[in-house]
Amino acid sequence: MAKIELKPVGTNLLKSVSGESVELQSLWSDKPVVLFFLRRFGCQVCRWTAAEISKLEPDLTAHGIALVGIGPEETGLEEFKEGGFFKGDLYIDEKKQCYKDLGFKRYTALSVVPAALGKKVRDVTTKAKAQGIQGNFTGDLLQSGGMLIVAKGGEKVLLHFVQDSPGDYVPLEDISKALDISANVQAGERPQCNDDVCTR
């Protein structure tokens, strides 16, 4: 992945859940930030990943680091908030410009099916089901996501992760390492996948 230029990306506008427009760069202006870009709010894998990342929230807060989730549309937002999957602030990238600028690809109708049926997705879906996390198929099914971790003031990009498969995510230890903090969390267990539990 090419190096990310924060200045042009930083001027992209997001909408807060309260309806306020903010520039992306305002999220890192006075503190480091972990930006989690969800594929969509109804995505079962995204919900599990959001819950997993949220395990870091107490350690991030203790180190003055913001945790932010960004979705590509409002569809499913209320259900996502009610489910309590994510402990950070939430924003919408209505124009999906951050997604484009950060290289988060869009699947085609043909490429999304094999991607959604891949082993990585089945593994995470099994984890989600084991924790009672469900999903739905509303919203933009073709958008991928990722993560961007930026130092305070936009000094530098600490981590830029682009999903290759809908089941890809950044392990908690990699997030902690990028931020140079120690976190006292237990990552979710990787399940054993078989036909009984991985039918998606």
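Position 1 is the first residue of the sequence; numbering continues from there. If you're wondering where the values come from, they're calculated on a predicted model, not measured in any experiment.
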> Using only heavy-atom distances, determine whether the side chains of Asp101 and Gln97 contain a donor-acceptor pair under 3.5 Å.
yes
> Without swapping roles, check the side chain of His160 against the backbone of Met147 for a donor-acceptor pair under 3.5 Å.
no
> Are Trp48 and Tyr169 an aromatic pair by the rule of ring centers under 6.0 Å?
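Centroid separation for Trp48 and Tyr169: below 6.0 Å.
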> Side-chain donor-acceptor pair under 3.5 Å between Ser29 and Gln25, yes or no?
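Ser29 vs Gln25: no donor-acceptor pair found between side chains.
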> So do Val34 and Val150 actually touch side chain to side chain, heavy atoms under 4.5 Å?
no
> Working to the nearest 0.5 angstrom, can you tell me the gap between Glu20 CD and Ser26 OG?
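If we round to the nearest 0.5 Å, Glu20:CD and Ser26:OG are 8.0 Å apart.
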> Return the minimal non-hydrogen interatomic distance between Leu67 and Glu57, and the atom names on each side.
CD2-CB, 4.1 Å
> Could you measure the distance from the NE2 atom of His63 to the OG1 atom of Thr61? Nearest 0.5 Å is fine.
11.0 Å
> Between CZ of Phe37 and SG of Cys46, what distance do you get to the nearest 0.5 Å?
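Between Phe37 CZ and Cys46 SG, I get 13.0 Å after rounding to 0.5 Å.
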> Before you tell me yes or no, could you show the steps for Leu90 and Phe80 under side-chain contact (heavy atoms from CB on, under 4.5 Å), namely the whole-Å CA-CA distance, both residues' side-chain angles and the distance that decides it to 0.1 Å?
CA-CA 10 Å; Leu90 292 169; Phe80 184 84; 3.9 Å; yes
> Salt bridge check: are Glu155 and Lys152 linked by an N-O gap of less than 4.0 Å?
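No, this pair does not count.
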> For Glu23 and Gly10, work out which heavy atoms get closest and say how close.
CB-O, 3.6 Å
> Could you check whether any side-chain N or O of Gln143 sits under 3.5 Å from a backbone N or O of Phe104, counting only pairs where one atom can act as donor and the other as acceptor?
yes
> Heavy-atom count around Lys156 NZ within 6.0 Å, excluding the residue itself: above 12?
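Check fails, neighbour count at 12 or below.
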> Using a 4.5 Å cut-off on heavy atoms from C-beta on, say whether the side chain of Gln163 contacts that of Lys105.
no
> Taking the basic N atoms (NZ, or NE/NH1/NH2) and the acidic carboxylate oxygens, is any pair closer than 4.0 Å for Glu79 and Arg47?
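Judged by the 4.0 Å cut-off on N to carboxylate O distance, Glu79 and Arg47 do form a salt bridge.
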> Is there side-chain contact between Leu6 and Trp28, with heavy atoms separated by less than 4.5 Å?
yes
> Between atom CD1 of Ile4 and atom CG of Leu148, what is the distance when rounded to the nearest 0.5 Å?
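Reported value, rounded in 0.5 Å steps: 7.0 Å.
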> Do Val33 and Ile65 come close enough that some side-chain heavy atom pair is under 4.5 Å?
no
> Less than 4.0 Å between a side-chain N and a carboxylate O, is that true for Asp93 and Lys15?
no
> How close do Tyr91 and Val22 get, counting heavy atoms only, and between which atoms?
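Scanning both residues, the minimum pair turns out to be CE2-CG2, 3.5 Å.
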> Taking all non-hydrogen atoms of both residues, which atom of Leu14 and which atom of Cys98 are closest, and how far apart?
CD2-SG, 4.0 Å
> Which heavy atom of Pro32 sits nearest a heavy atom of Gly64, and at what distance?
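For Pro32 and Gly64, the tightest heavy-atom pair comes out as CD-O, 3.5 Å.
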> Side chains of Ile92 and Phe41: closer than 4.5 Å at any heavy-atom pair?
yes
> At what distance, to the nearest 0.5 angstrom, does NZ of Lys177 lie from CG of Leu172?
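Going from NZ on Lys177 over to CG on Leu172, the span is 14.5 Å.
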> Hey, quick one: are Leu13 and Val17 part of the same hydrophobic cluster, counting side-chain heavy atoms closer than 4.5 Å, chains of contacts allowed?
no
> Decide yes or no for Leu102 and Leu35: does some side-chain heavy atom of the first lie under 4.5 Å from some side-chain heavy atom of the second?
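No, side chains not in contact.
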> Please round to the nearest 0.5 Å and tell me the distance separating atom NZ of Lys55 and atom CD1 of Ile175.
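That separation rounds to 11.5 Å.
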> What are the two closest heavy atoms between Ser176 and Leu56, and how far apart are they?
OG-CD2, 3.7 Å
> Are the side chains of Ile70 and Tyr99 in touch, meaning some heavy atoms are under 4.5 Å apart?
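When only atoms from C-beta onward are counted, Tyr99 and Ile70 do touch, with a gap below 4.5 Å.
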> Do Asp168 side-chain atoms and Asp164 backbone N/O form a donor-acceptor pair below 3.5 Å?
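It does hold such a pair.
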